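Note that the structure is predicted; figures quoted are calculated from it, not measured.
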Amino acid sequence: METIAAPAPEPQSQAPINHFGRITGALFSPKATFADIAQRPSWVAPFLLLCALALVVSGLLGQKTDWRSFFERQMSQNSRLDQMPQQQKDQMLENQVKWAPKVSYVFGIVFTAGLVLFLALVYWGAFNLFNGAGLRYRTAFGITCHAFVPILISSVLAIIILLLKARGDVDPEHFLVTNVGAFLPEDASHWLQVLGQSLDLFWIWTLILVAIGFGAANPKKIKPGTAYGTVFGLWLLWVLVRTGLAAL
């Protein structure tokens, strides 16, 4: 008597990762998390968190920074202002001190939102053009937003530090000591300071997640070496251009 084998059960598809799980998963299991994001793109939760924390950080910076001392130091390091009449320099300083606290609120959120949108556009175009990845911009934007999770961590640390600092005891450029520029002497050349600021722990962590994310979105077309080469190659090009302009 013949026995009929029971059909093998169909493999169950993995349950989608919720918004909170994607944010934490980008840190602890990035490959699986970004593969899930590529299948079902989302961006609202990390994007809103980035903007909200950027607004808080910029607001605290506006309140805790002694802008007059900051701009006086900046002007003293700018040799191009040596030939400017003192009255004109004083007027420039007063305008900077007046507007800096107000501009800092807007700059923080606009810069953060614009940076994420721009980087998503750059890497979306690069991987589609050079690797034929066939990704939609929504997918690229979702990957980029979740890759910015290390910036969420740095923003939380920045808020804690700024709350503990007294007014006037904050350097807007180095209040969070996570880049090489924070360890350079004050009289270091401008191009060296710009280069040092580019070598930031949280930013490099973010770029690593960007590479993992785009690699997971289309592993057949985007190999790990290609992903890291594209992401860090474009970043290195930007650093060289920025440093070169500072040297000039």
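Looking at Ser189 and Trp191, their side chains do bring a donor and an acceptor atom within 3.5 Å of each other.
Across Ala133 and Asn218, no two heavy atoms sit closer than the pair O-ND2, 2.8 Å. Contact between Leu176 and Ser154 at its shortest, heavy atoms only, is CD2-O, 3.5 Å. The shortest heavy-atom contact between Gly134 and Asn128 is N-OD1, 3.1 Å. Of all heavy-atom pairs between Lys165 and Val170, the closest is CB-CG2, 3.7 Å. Nearest heavy atoms, Tyr123 versus Thr230: CE2-O, 4.1 Å. Here the closest heavy-atom approach between residue Leu192 and residue Leu184 is recorded as O-CD1, 3.4 Å.
In this structure, Phe28 is a member of the same hydrophobic cluster as Phe202, with clusters built from ILVMFWY side-chain heavy atoms closer than 4.5 Å. Linking ILVMFWY side-chain heavy atoms closer than 4.5 Å, directly or via other members, places Phe130 and Trp124 in two distinct hydrophobic clusters. Linking ILVMFWY side-chain heavy atoms closer than 4.5 Å, directly or via other members, places Leu61 and Trp99 in a single hydrophobic cluster. Residues Leu117 and Val44 fall within the same hydrophobic cluster, defined by Ile, Leu, Val, Met, Phe, Trp and Tyr side chains chained together at heavy-atom separations under 4.5 Å. Val239 and Phe118 fall within a single hydrophobic cluster, where Ile, Leu, Val, Met, Phe, Trp and Tyr side chains are chained together by heavy-atom contacts under 4.5 Å.
Cys51 places none of its side-chain heavy atoms less than 4.5 Å from the side chain of Leu55. Within the 4.5 Å cutoff, side-chain heavy atoms of Pro150 are placed close to those of Leu209. Phe141 places a side-chain heavy atom less than 4.5 Å from the side chain of Val116. Within the 4.5 Å cutoff, the side chain of Leu27 has heavy atoms near those of the Ile153 side chain. No side-chain heavy atom of Leu152 sits less than 4.5 Å from a side-chain heavy atom of Ser155. Looking at Thr243 and Trp238, their side chains never come closer than 4.5 Å, going by heavy atoms from C-beta outward. Here the side chains of Glu94 and Arg68 are in contact, with some heavy-atom distance below 4.5 Å. Between Asn179 and Leu199 the shortest side-chain heavy-atom distance does not fall below 4.5 Å.
Leu201 forms part of no hydrophobic cluster, judged by ILVMFWY side-chain heavy-atom separations under 4.5 Å.
Not a single donor-acceptor pair under 3.5 Å links the side chain of Thr65 to the backbone N or O of Gly62. Side-chain N or O atoms of Gln96 include none that pairs as donor or acceptor with a backbone N or O of Phe71 at under 3.5 Å.
Note: Phe34 and His146 have perpendicular aromatic rings, judged against thresholds of 30 and 60 degrees for the angle between ring planes. Ring geometry for Phe232 against Tyr228 counts as parallel: the plane angle stays under 30°, on a 0 to 90° scale with 60° as the upper cut. Aromatic ring pairs are classed by plane angle as parallel below 30°, tilted from 30° to 60° and perpendicular above 60°; the pair Phe47 and Trp43 is perpendicular.
Remark: Leu240 CG to Leu245 CG distance equals 11.0 Å, nearest 0.5 Å. Between Leu163 atom CG and Leu60 atom CG the span is 5.0 Å, to the nearest 0.5 Å. Taken to the nearest 0.5 Å, the CG atom of Asp200 stands 3.5 Å off from the OG1 atom of Thr178. From Arg138, atom CZ reaches atom CD1 of Ile37 across 12.0 Å, with rounding to the nearest 0.5 Å. Here the CG-CG distance, from Leu207 to Leu234, works out to 10.0 Å after rounding to the nearest 0.5 Å. Here CG of Leu121 is found 9.5 Å from OG1 of Thr144. Values are rounded to the nearest 0.5 Å.
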Item to check | Evaluation steps, side-chain contact (heavy atoms from CB on, under 4.5 Å), between Val210 and Ile143 | outcome: CA-CA 7 Å; Val210 171; Ile143 290 170; 5.5 Å; no
Checklist entry - side-chain contact (heavy atoms from CB on, under 4.5 Å) between Thr112 and Leu53: does it pass, once the steps are laid out? => result CA-CA 10 Å; Thr112 300; Leu53 290 176; over 6 Å; no
Item to check | Worked check of side-chain contact (heavy atoms from CB on, under 4.5 Å) between Val149 and Trp205 | outcome: CA-CA 9 Å; Val149 170; Trp205 187 2; over 6 Å; no
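Counting non-hydrogen atoms of other residues, nucleotides and ligands closer than 6.0 Å to CZ of Phe111 gives a total of 12 or fewer.
Residues passing the side chain to side chain contact (heavy atoms under 4.5 Å, CB included) test with Arg136, sequence neighbours excluded: Pro41, Thr139.
Taking the ring centroids of Trp203 and Phe148, they lie under the 6.0 Å cut-off.
Taking 4.0 Å as the cut-off between side-chain N and carboxylate O, Arg22 and Asp36 count as a salt-bridged pair.
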